[in-house]
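Below is one structure, written out as structure tokens; comments come after it.
Just so you know, residue 1 is the first one in the sequence shown, and it goes up from there.
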Amino acid sequence: MRLVGLTGGIASGKSTVSNLFKAHGIPVVDADIVARDVLKKGTGGWKKVVAAFGEEILQPDGEVDRPRLGQIVFSDPGKRQLLNRLMAPYISSGIFWQIFKLWMKGFRAIVLDIPLLFEAKMDKWTKPIIVVWVDPETQLRRLMARDRSSEEEARNRINAQMSLDLKRSKADIVITNTGSLDELNEVFQKVLFEVTRPLTWTEFWLSRQGALSVLVAIIVGVVFCRKIFSSHDLQ
């Protein structure tokens with residue numbers, strides 16, 4: 001099984017690339033969706049976060065007001081680190097559970113869409129690592145237009161993340177997304193070829209098909225050995 005790491009920065013276009021993978025039949029485990037699930041009212045993650053940040057982060061229905069929580073943590077590095085620390089175990093468990101379900105379905109390549117891929121040290125589980133990169137000016141402009149935020153608010157959110165230049169230096173594949181959607185599609189086709197190439201032997205043995213092959217080989221071996229020993233005992 002091939003676990004592909006996909007990351008980038010806010011307003012870099014990572015979600016667009018993620019959707020392109022889905023459109024081509026490659027399953028995607030989205031850490032943001034997992035994070036939303038583990039923050040639902042009554043969950044363990046919800047209880048931890050409410051205990052740490054207070055009930056003022058809640059909506060009238062008891063669910064976490066995510067924009068409000070975002071404003072708090074993006075303006076305070078200490079609180080952001082606290083939130084990441086509280087959520088990390090729940091998000092990691094949720095991601096691995098999603099991987100397991102896709103593994104059981106027999107998928108050979110799975111994309112892990114994780115904004116904090118490097119920060120959470122999950123890059124050691126993925127190969128190749130894809131980083132969607134844009135220059136700082138384009139990133140700032142896109143974020144302000146997308147969220148209708150001020151320049152200061154946008155810069156705070158960008159600066160709260162690992163720089164895209166540093167992420168790019170850690171990548172196996174870099175998708176430069178400073179052009180049009182057509183240009184992105186053209187680059188994506190080359191990336192798709194890399195992601196869907198035949199599995200290495202190591203990746204094959206980690207896939208469900210490989211595991212079943214090993215299981216069949218073990219069963220055949222046990223049956224064969226029993227026959228050999230049975231024949232020996234009769235002599």
Side-chain angles (χ1 to χ4, degrees), residues 5-19 21-22 27-102 110-123 125-126 132 134 136 139-164 166-167:
L6 174 64
T7 191
I10 191 168
S12 66
K14 177 181 61 63
S15 295
T16 302
V17 174
S18 181
N19 288 332
F21 276 115
K22 294 175 188 176
V28 175
V29 176
D30 190 329
D32 283 340
I33 294 176
V34 173
R36 283 198 290 270
D37 289 341
V38 301
L39 260 186
K40 287 182 178 178
K41 182 180 178 180
T43 62
W46 179 89
K47 293 176 182 177
K48 290 279 189 181
V49 171
V50 173
F53 292 91
E55 294 188 359
E56 61 267 24
I57 66 167
L58 297 179
Q59 301 175 154
D61 62 359
E63 296 290 351
V64 171
D65 186 335
R66 294 176 64 86
R68 170 61 180 153
L69 181 59
Q71 288 176 348
I72 293 172
V73 300
F74 280 119
S75 61
D76 188 325
K79 291 182 179 179
R80 185 170 65 252
Q81 291 172 5
L82 173 60
L83 178 63
N84 290 339
R85 188 164 63 250
L86 292 174
M87 296 297 295
Y90 298 100
I91 294 175
S92 296
S93 297
I95 288 172
F96 283 117
W97 176 240
Q98 294 297 322
I99 292 172
F100 177 73
K101 290 193 291 185
L102 291 169
I110 301 170
V111 173
L112 305 187
D113 180 348
I114 306 178
L116 301 180
L117 182 72
F118 298 113
E119 296 90 332
K121 310 298 183 186
M122 295 194 72
D123 53 303
W125 302 106
T126 59
V132 183
V134 292
Q139 184 181 23
L140 179 64
R141 186 176 67 253
R142 287 179 179 174
L143 182 56
M144 291 173 62
R146 189 192 75 182
D147 294 351
R148 297 180 180 178
S149 59
S150 67
E151 181 175 340
E152 181 182 2
E153 290 173 332
R155 287 192 185 278
N156 285 340
R157 298 198 70 179
I158 290 172
N159 292 335
Q161 300 181 335
M162 180 186 291
S163 75
L164 279 174
L166 181 54
K167 288 186 178 184

Could you pull out the closest heavy-atom pair between R157 and D147, with the gap in Å?
NH1-OD2, 3.4 Å

Which pair of heavy atoms, one from W46 and one from K40, lies closest together, and at what distance?
CB-O, 3.2 Å

Whether D76 side chain and I72 backbone form a donor-acceptor pair below 3.5 Å
no

Gap separating the CD atom of E152 from the CE atom of M144, nearest 0.5 angstrom:
11.0 Å

Heavy atoms only: give me the nearest S12-V132 pair and the separation to one decimal.
O-CG1, 3.4 Å

Counting distance only, does the side-chain N/O of Q139 pair as donor-acceptor with the main-chain N or O of I10 below 3.5 Å?
yes

Side-chain contact test, heavy atoms from C-beta onward, threshold under 4.5 Å: evaluate it for D61 versus K41 and give yes or no.
no

Only counting residues at least two apart or in another chain, list the ones meeting ring pair (Phe, Tyr, Trp, His ring centres under 6.0 Å) with F74.
none

Using the test side-chain contact (heavy atoms from CB on, under 4.5 Å), find all partners of S18 that sit at least two apart in sequence or belong to another chain.
L6, K22, V28, D113

Please lay out, stage by stage, how K14 and V17 fare under the test side chain to side chain contact (heavy atoms under 4.5 Å, CB included).
CA-CA 5 Å; K14 177 181 61 63; V17 174; 5.7 Å; no

Let me confirm one number: the CG-CD1 distance from L102 to I110, rounded to the nearest 0.5 Å.
4.5 Å

Does V38 offer a backbone N or O that forms a donor-acceptor pair with the side chain of T43 under 3.5 Å?
yes

Which atom pairs, one a donor and one an acceptor, fall under 3.5 Å between side chains of residues 82-98 and the rest of the protein, sequence neighbours left out?
residue : atom : partner : partner atom : Å
N84     : ND2  : R80     : O            : 3.4
S92     : OG   : A88     : O            : 3.0
S93     : OG   : P89     : O            : 2.9

Should D65 and L69 count as side-chain neighbours, where that means a heavy-atom distance under 4.5 Å?
no

Atom CD in Q161, atom NZ in K167: separation rounded to 0.5 Å?
5.5 Å

Taking all atoms of both residues into account, what is the closest heavy-atom pair of L164 and G8, and its distance?
CD2-C, 3.5 Å

Just to verify, which of K48, R66, E63 counts as forming a side-chain contact (heavy atoms from CB on, under 4.5 Å) with L39?
R66

Heavy-atom closest contact (F118 atom, M162 atom, distance):
CB-CE, 3.8 Å

Are I114 and T7 packed together at the side-chain level, in the sense that at least one heavy-atom pair is separated by less than 4.5 angstrom?
no

Closest heavy-atom pair, A154 versus L140, reported as atoms and distance to 0.1 Å, is CB-CD1, 3.5 Å

